Amino acid sequence: MSKFKTKIMGILNANEDSFFKNSRFKENEAIERIEKLINDGAKIVDIGAVSSRPGSLPVKPEIELERVKNIADLIYSNKLYEKAKFSIDSYEPLVIDYVLNKGFSIVNDITGLQNEEVIKLCAKYNAATVIMHMQKDPTLMQENPVYEDVVVEVKDFLKQQALKAESFGVKEIILDVGIGFGKTLKHNLKLLKNLKEFEDLGYELLIGASRKSMIDKIVPSSIEQRLPGTIAVHLESINNGASIIRCHDVKEHFQAIKVLEAIKEI
């Protein structure tokens, strides 16, 4: 297990096309949904307004901001950031700049800080950043992904981007190997099995495999049926060094992780 304390990052989607419908919310339910995630055991709430599932198309930054603006205002006015950390799942400087002024303290960037403006904002606001690996972009990422050695290539990319972020003054860095982002089933399994390879970089590791299609490729199942497979992936990830688990089903993960920790502590 990791030297870092295990934490659950609960997912909340402010867009109509997120792949798991139960993680979407209507604005008037927002505070209720956030408080439920926190009460169920989430230490971090990750809010996104743009789908990044395979084949999804980009959205204009202004539209993305419009989707998160009110929820960010509600989080700030209700001081919900005192109960949990808030993360923005975005790579748009316009959106990131707005929410970091509204109590958010983590930037979850699926493009792995390719835009230096995002790195500058993280440094300016002293925000933590999640650097994720993705081959190509969501539109094309699952069209025949190829690696000579997926573990080596992903590790090299994450190390390079982490050092770049540090050179800009970013102090807290979290790495994400990007399960399902430009990877075949075999690539995903190899990364999960070799997660300890990433531990020696010295940063916290985040894994987010919640209800992803890799589970369907092992045991044919709809998105709604993939909770057991999700928990299996996430518990094994914790055993291999991950300390942040990004998931839709916080309550179920909280119980599973507590049982795992009890076994480890004996």
Side-chain angles (χ1 to χ4, degrees), residues 9-38 42 44-132 134 136-141 176 178 180-181 206 208 210-211 223 246-248 250:
M9 175 190 267
I11 301 168
L12 204 58
N13 291 311
N15 52 301
E16 286 304 309
D17 57 344
S18 62
F19 89 107
F20 182 50
K21 65 177 186 296
N22 292 354
S23 65
R24 302 173 203 154
F25 68 91
K26 294 184 175 66
E27 232 167 72
N28 58 357
E29 301 168 357
I31 292 179
E32 201 180 307
R33 289 291 297 276
I34 288 167
E35 289 190 325
K36 184 176 180 343
L37 287 172
I38 295 167
I44 306 165
V45 177
D46 190 45
I47 295 176
V50 177
S51 177
S52 56
R53 64 181 174 183
S56 58
L57 299 169
V59 168
K60 285 183 179 170
E62 294 76 15
I63 294 170
E64 185 184 344
L65 179 57
E66 194 59 39
R67 290 176 182 175
V68 297
K69 192 174 183 294
N70 291 351
I71 179 73
D73 292 347
L74 281 170
I75 288 163
Y76 193 63
S77 60
N78 288 274
K79 295 188 174 177
L80 292 173
Y81 54 83
E82 291 177 356
K83 297 183 178 182
K85 289 186 175 181
F86 284 85
S87 163
I88 184 70
D89 182 358
S90 179
Y91 47 86
E92 288 295 347
L94 182 74
V95 176
I96 292 165
D97 193 30
Y98 188 85
V99 301
L100 290 180
N101 273 302
K102 297 289 179 178
F104 282 64
S105 57
I106 303 171
V107 175
N108 183 9
D109 182 357
I110 63 165
T111 68
L113 299 183
Q114 302 280 21
N115 184 346
E116 289 188 358
E117 289 307 309
V118 173
I119 310 179
K120 288 174 187 172
L121 285 169
C122 290
K124 176 185 170 184
Y125 289 99
N126 200 23
T129 181
V130 180
I131 304 174
M132 194 193 83
M134 170 171 57
K136 300 177 187 168
D137 60 55
T139 320
L140 301 167
M141 64 185 181
D176 179 354
F181 284 84
L206 179 153
S210 194
R211 297 181 179 268
I223 292 163
R246 182 180 183 273
C247 63
H248 299 98
V250 172

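The basis for the numbers below is simple: all heavy atoms, side chains too, and nothing from hydrogens, waters or symmetry mates. All of these numbers come straight from a predicted model, not from anything done at the bench.
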Distance in Å, [X] [atom1] paired with [Y] [atom2], rounded so as to fall on 0.5 Å steps:
X	Y	atom1	atom2	result
Lys60	Glu66	NZ	CD	13.5 Å
Lys85	Ile38	NZ	CD1	13.0 Å
Ile119	Gln114	CD1	CD	9.0 Å
Lys124	Ile96	NZ	CD1	12.5 Å
Leu80	Ile34	CG	CD1	5.5 Å
Arg67	Ile47	CZ	CD1	14.5 Å

TODO: Please step through side-chain contact (heavy atoms from CB on, under 4.5 Å) for the pair Phe181 and Asp176, ending with a clear verdict.
DONE: CA-CA 11 Å; Phe181 284 84; Asp176 179 354; over 6 Å; no
Can you name the closest pair of heavy atoms from [X] and [Y] and give their distance?
X	Y	result
Leu74	Ala30	CD1-CB, 4.4 Å
Ala42	Ala84	O-CB, 4.3 Å
Gly178	Met132	CA-CG, 3.6 Å
Ala49	Val68	CB-CG1, 3.4 Å

Open item on the list: Taking side chain to side chain donor-acceptor pair (under 3.5 Å) as the definition, give me every residue that meets it alongside Ser90, ordered by chain and number, with sequence neighbours left out.
Closed with: Glu64
TODO: Quick one: list whatever passes side chain to side chain donor-acceptor pair (under 3.5 Å) with Lys69, sequence neighbours left out.
DONE: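 Side chain to side chain donor-acceptor pair (under 3.5 Å) check on Lys69 returns nothing, list empty.
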TODO: Any chance you could lay out the side-chain contact (heavy atoms from CB on, under 4.5 Å) test for Tyr91 and Asn115, step after step, and finish with the verdict?
DONE: CA-CA 8 Å; Tyr91 47 86; Asn115 184 346; over 6 Å; no
TODO: Answer yes or no: is there a donor N or O on one side and an acceptor on the other, between the side chain of Arg211 and the main chain of Ile223, under 3.5 Å?
DONE: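 The answer is yes, because a donor-acceptor pair under 3.5 Å joins these two groups.
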- [ ] Assess whether side-chain contact (heavy atoms from CB on, under 4.5 Å) is satisfied between Val118 and Thr129, documenting all intermediate values.
- [x] CA-CA 9 Å; Val118 173; Thr129 181; 5.7 Å; no
Side-chain donor-acceptor pairs of residues 98-112 under 3.5 Å, sequence neighbours excluded:
| unit_1 | atom_1 | unit_2 | atom_2 | d |
| --- | --- | --- | --- | --- |
| Tyr98 | OH | Asp73 | OD1 | 2.6 |
| Tyr98 | OH | Asp73 | OD2 | 3.3 |
| Asn101 | ND2 | Asp97 | O | 3.1 |
| Asn101 | ND2 | Tyr125 | OH | 2.7 |
| Asn108 | ND2 | Asp46 | OD2 | 3.2 |
| Asp109 | OD1 | Thr111 | N | 2.8 |
| Asp109 | OD1 | Thr111 | OG1 | 2.6 |
| Asp109 | OD2 | Thr111 | OG1 | 3.3 |
| Asp109 | OD2 | Leu113 | N | 2.9 |

Open item on the list: Holding to salt bridge (Lys or Arg N to Asp or Glu O under 4.0 Å), I want the full list of residues that pass it with Lys83, two or more places apart in sequence or in another chain.
Closed with: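 Partners of Lys83 by the salt bridge (Lys or Arg N to Asp or Glu O under 4.0 Å) criterion, ordered by chain and then number, come out as Glu35.
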Task: The single option from Leu12, Ile11, Ile44 passing side-chain contact (heavy atoms from CB on, under 4.5 Å) against Ser87 - done: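 By the side-chain contact (heavy atoms from CB on, under 4.5 Å) criterion, Ser87 pairs with just one of Leu12, Ile11, Ile44: Ile44.
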Task: Contact list for residues 112-121, test salt bridge (Lys or Arg N to Asp or Glu O under 4.0 Å), sequence neighbours left out - done: Glu116-Lys164, Glu117-Lys120
